[in-house]
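What follows is a set of notes on a single structure, which appears directly below.
Here, residue 1 is the first one in the sequence, and each next residue gets the next number.
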Amino acid sequence: MENATQGERQTGKRRLGDVLVENGLLTPNHIRRALDEQRKIGKRLGQVLIELQLISEGQMAQSLAAQLGLSYTEPNTAQIDSALLLLIPEALAKRHLAVPLEIQNKKLMVAMVDPLDYESINDLRFHAGMAIDPVIATRRAILEAIERSYRLDASVEKIVEASVKDFGNASLQIVSPLEDGNLHHAEVRSLEERSRLAPVIQLTNLILSKAIKLRASDIHIEPTAKDFRVRYRIDGLLKEDMCLPKWFQNPLVSRIKILAKLDIAERRLPQDGAVRVKSENHEVDLRVSTLPTHHGEKVVLRILDQTRILIQLDQIGLAEKDLQSIRQMVIKKKGIILVTGPTGSGKTTTLYAIINGLKSETTNLTTVEDPVEYMIEGVNQVQINSEIGLTFATALRSILRQDPNIILIGEIRDLETAEIAFRAAMTGHLVLSTLHTNDAVTSMTRLIDIGIPRYLVASAVVGVVAQRLVRKLCLKCRVEDPSHHKPEASLTISDVPKQAARASFPDRMEGVFFQEKGCTACRYTGFLERCGIFEVLTLSTKLRELIASGATEQEIRSRAVALGMSSMVEDGFRKVREGITTAEEVVRVVEMEEVFKIFCPQCSRSLHIDFLICPHCGCASPYVCAACGKFLQPEWTVCPYCRHSAQRSPDRHES
């Protein structure tokens, strides 16, 4: 502690000895005796008084707090937020006898034995990356707080050891935080300085490197009331990998936020950031998103592995017929090509595969994305930043002044973006974009609902690719599925997908079904990677006429099927027949109840809405006109298209 002379010189306040005497803790004789001893041994006055047992450590700390006008605290009785321990590692806390308490107004409150040790304060500020607000505590209380709070090492070592035993050592190197217009920047020190808290770094690296090795697309770090869990999304499905103690939640989240250059002091608002890491000799980008929940911050990391993206159109699972259709679309000089599907259905991969085949020395190809997920050589890629007003619409206006040949729009979200995209398509540009619709035909309705006139949709849209992703069977361990040959009477509820496949496509489902088994190559899941199932709609002259005239979705679909379009279900079951995936996978991603909505009134087998007759028993479909093939409404008695009588079986039933 500080002697009276130095304390008076540095603070301009009363001397420590005077404060102790005024408070009745010591007499002037005690002070003189202590000063004589101090001159002999060279220690500070406060320490000498404690060693002479003239005053207790607690009394000394409180008196020093009164002298300096600082607060006194007892950190050994406080519950210290474990996230703060990431800012002041244990070795640093022991060296300076200081323990972090809380963050207030961007300052870190630290309990210290000697708050006038400016060298120690500067060192703490350097490591914490923020200003230090010192308060006073006793040496014993600080050491007890350090011993109790810094329990990470032993606990985390056990977690890491258990994971390493099953998985292997984590090999991960932080390359750099990705500079991104959407990032929030915090006052944090360099990543090299953060690495002193080894257990937190070990576990973070293990989680990240394990996810990359397992080919995960996302990492979910989710808090619960009593603990928190780590889940990986592998081949489209989430799987829990770790369940960790609650007290380790904040340090882990803080570590990830530091990597992504987010504000670790802000826990009330969502934040977005990014970081680039190097694993097994290749770089991987991580997009980080935090979300405050009732039990703490949830973190999701999207893994963007540049080496794993399929960028060739013939590698994404297209049937030869559909592949040729898309190739015919992209040679157009103008118009709009849409890729549709829900989030996570592989739309970006398909778009990148298309533009990878279109880029050339003679073509100006520009993209506007949110975010730019993968960098493609030879393509001008624009990152949306809504915070500064760089939206899809504003970016598109500028791009149109940049003499583009081909424009890729990450997503058509609103009327303004759609209008600019259609204007570009009508003035000699090929536009590629995405929509969130269930299938190819409903994209027409979606565009009209947004506000684009029917005639413009009919004339500008070149084609639509609707898609989903299904898991591929592991070729090393797949086995023949015996239930495929079961008699129909013995089929169970688990056989429903196969039954639906046989009932709907009897001419296409002959042969062998395969099912998953599990081996070391697929980590005993039976599946390895994913491929797309597609529905490719090319707009012919007749389809354009139907759209412009206000035809229903059913009418457009019926005509498209007649012209050779295969549905996603058909494409999926083709891949089932080829042993690429399972019927259960197709049913899982396509939502079969939307596909099979009607049944034959005679044999009760499922029918496609556009079938003229039942392919199983030959019964005429009651849902379409037998004369012209147009769809009939349930209440109609006469076909309004051809005046043919709309006869129906009274026993028909719909789902």
Problem set entry | Polar side-chain atom of Q381 near backbone of Y374 as donor-acceptor pair, under 3.5 Å | yes
Problem set entry | Polar side chain donor-acceptor pair, Q328 to T538, under 3.5 angstrom | no
For this session: Tell me, with the steps shown, if L237 and F527 meet side chain to side chain contact (heavy atoms under 4.5 Å, CB included).
Result: CA-CA 11 Å; L237 298 179; F527 296 94; over 6 Å; no
For this session: Can you sort out the partners of E535 under salt bridge (charged side-chain N to carboxylate O under 4.0 Å, His left out), two or more places apart, ordered by chain and number?
Result: R557
Exercise. Any sub-3.5 Å donor-acceptor pair from K257's side-chain atoms to D263's backbone N or O?
Worked result: yes
Seminar exercise, completed: Sorted by chain and residue number, the side chain to side chain contact (heavy atoms under 4.5 Å, CB included) partners of L400 (sequence neighbours excluded) come out as I407, I420, A424, H429
For this session: Determine whether more than 12 heavy atoms belonging to other residues, nucleotides or ligands lie under 6.0 Å from atom CZ of R559.
Result: no
Exercise. Considering residues, nucleotides and ligands other than K321, do more than 12 of their heavy atoms fall under 6.0 Å from its NZ?
Worked result: yes
Exercise answer: donor-acceptor pairs, residues 331-345 side-chain atoms, under 3.5 Å, sequence neighbours excluded:
from: T340; atom 1: OG1; to: T437; atom 2: OG1; distance (Å): 3.4
from: S345; atom 1: OG; to: P342; atom 2: O; distance (Å): 2.7

Exercise. Is it true that the side chains of D414 and T417 contain a donor and an acceptor less than 3.5 Å apart?
Worked result: yes
For this session: Could you tell me whether a side-chain N or O of N364 sits under 3.5 Å from a main-chain N or O of Q402, the two making a donor and an acceptor?
Result: yes
Exercise. Under the salt bridge (charged side-chain N to carboxylate O under 4.0 Å, His left out) test, which residues partner K347, sequence neighbours left out?
Worked result: none
Problem set entry | Option among L473, I580, V586 that satisfies the side chain to side chain contact (heavy atoms under 4.5 Å, CB included) test with K575 | I580
For this session: Please list, chain by chain and in numerical order, all residues satisfying side chain to side chain contact (heavy atoms under 4.5 Å, CB included) with L469, sequence neighbours excluded.
Result: R530
Exercise. In this structure, are over 12 heavy atoms from other groups packed under 6.0 Å from K517 atom NZ?
Worked result: no
Problem set entry | Set of residues satisfying salt bridge (charged side-chain N to carboxylate O under 4.0 Å, His left out) with respect to D218, sequence neighbours excluded | R302
For this session: Evaluate side chain to side chain contact (heavy atoms under 4.5 Å, CB included) for D241 paired with K210, printing each intermediate quantity in order.
Result: CA-CA 10 Å; D241 187 76; K210 189 172 183 180; 3.0 Å; yes
